[in-house]
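Below is one structure, written out as structure tokens, with a few remarks after it.
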Amino acid sequence: MTDKVDFYGDVENAVIGDGHQVARLSNVVNLHLNEGKKEVQRITDYQRKRINVLVKEWAAICGDKEIEIYKIFIADYGIQYFRELPIEHYAKVKETLEGWIDAATAKTDRALDQSRLLPPTSELHKGHECAVCSEKDVAIARAQKHVFVNGCLVLVLAMTCGWLLYKMPAPTAPEQVADNTCYFEGKAYSTGGTIKVDGDLIKECISDATAGKSFWSRPR
């Protein structure tokens, strides 16, 4: 065979006879192998931040931790980290989170609308009234406690002042005259009584008929 053959296509196809033969002037075989596995494009930083905002919002509504919400999508899409999520699934994850949030928000809005339509005698209104009454009771009890404490302090101060006045000694002047009795250093002397003072001087208790009282004479 003098003609040269050039194969176009996979080797396997060429082997089983599915190749195209073209007469060539040289003995050259060109093999076109399958291209390598195409690299999967991951979500961008902007998309990841957008998903994070939705995850935070849903976590605040449902009460779950953010990591638990991420684990749901990690398990669904068979990835190790959420940042490895293929970009083709971004829209689906975003729509899922928005659907959860919208459903929960609508449910909350309906509950608020129903609560506004409840009559004043409803359990909610009664609970509010009970809370107000409880606050008033606490305030009254606190005021009564302050009044009781202040009253006790006033009573203690009054008793203390009375006791001090009772225990306070009577003033002892060197000389004291009352009616027909003379006093010296807390002792009573009748008219005619004498005492010694500085320099062995003597003072006598004498009576003043005009004033009707007794007093000490000058030292002599």
Worksheet item: If Ile, Leu, Val, Met, Phe, Trp and Tyr residues are connected whenever their side-chain heavy atoms lie under 4.5 Å apart, and connections chain through other members, are Leu201 and Phe184 in the same group?
Response: yes

Worksheet entry | Chi angles and distances behind the salt bridge (charged side-chain N to carboxylate O under 4.0 Å, His left out) call for Lys71, Glu68 | CA-CA 5 Å; Lys71 285 181 179 180; Glu68 299 300 328; 3.8 Å; yes

Out of curiosity, [X] [atom1] to [Y] [atom2], how far, rounded to the nearest 0.5 Å?
{"X": "His89", "Y": "Glu95", "atom1": "NE2", "atom2": "CD", "result": "13.0 Å"}
{"X": "Thr44", "Y": "Lys49", "atom1": "OG1", "atom2": "NZ", "result": "9.5 Å"}
{"X": "Glu98", "Y": "Glu57", "atom1": "CD", "atom2": "CD", "result": "9.0 Å"}
{"X": "Arg218", "Y": "Glu204", "atom1": "CZ", "atom2": "CD", "result": "14.5 Å"}
{"X": "Ile195", "Y": "Cys182", "atom1": "CD1", "atom2": "SG", "result": "8.5 Å"}
{"X": "Ile51", "Y": "Tyr46", "atom1": "CD1", "atom2": "OH", "result": "10.5 Å"}

Would you say [X] and [Y] make side-chain contact, with heavy atoms under 4.5 Å?
{"X": "Cys205", "Y": "Phe215", "answer": "no"}
{"X": "Val93", "Y": "Leu97", "answer": "yes"}
{"X": "Pro86", "Y": "Gln41", "answer": "no"}

Fill in: For Phe82, ring-ring contact (aromatic ring centres under 6.0 Å, His included) partners two or more places apart
Tyr70

Over all heavy atoms of both residues, which pair between [X] and [Y] is shortest? Give the atoms and the distance, please.
{"X": "Lys92", "Y": "Thr96", "result": "O-OG1, 2.8 Å"}
{"X": "Ile101", "Y": "Ile61", "result": "CG2-CD1, 4.0 Å"}
{"X": "Ile69", "Y": "Trp58", "result": "CD1-CD1, 3.4 Å"}

Worksheet item: Do the side chain of Trp216 and the main chain of Tyr183 share a donor and acceptor less than 3.5 angstrom apart?
Response: yes

Worksheet item: So, the side chain of Thr181 versus the backbone of Ala188: is there a donor-acceptor pair under 3.5 Å, distance only?
Response: no

Item to complete: If a pair satisfies side-chain hydrogen bond (donor to acceptor under 3.5 Å, both in side chains) and one of its residues is in residues 72-86, list it, with sequence neighbours excluded.
Response: none

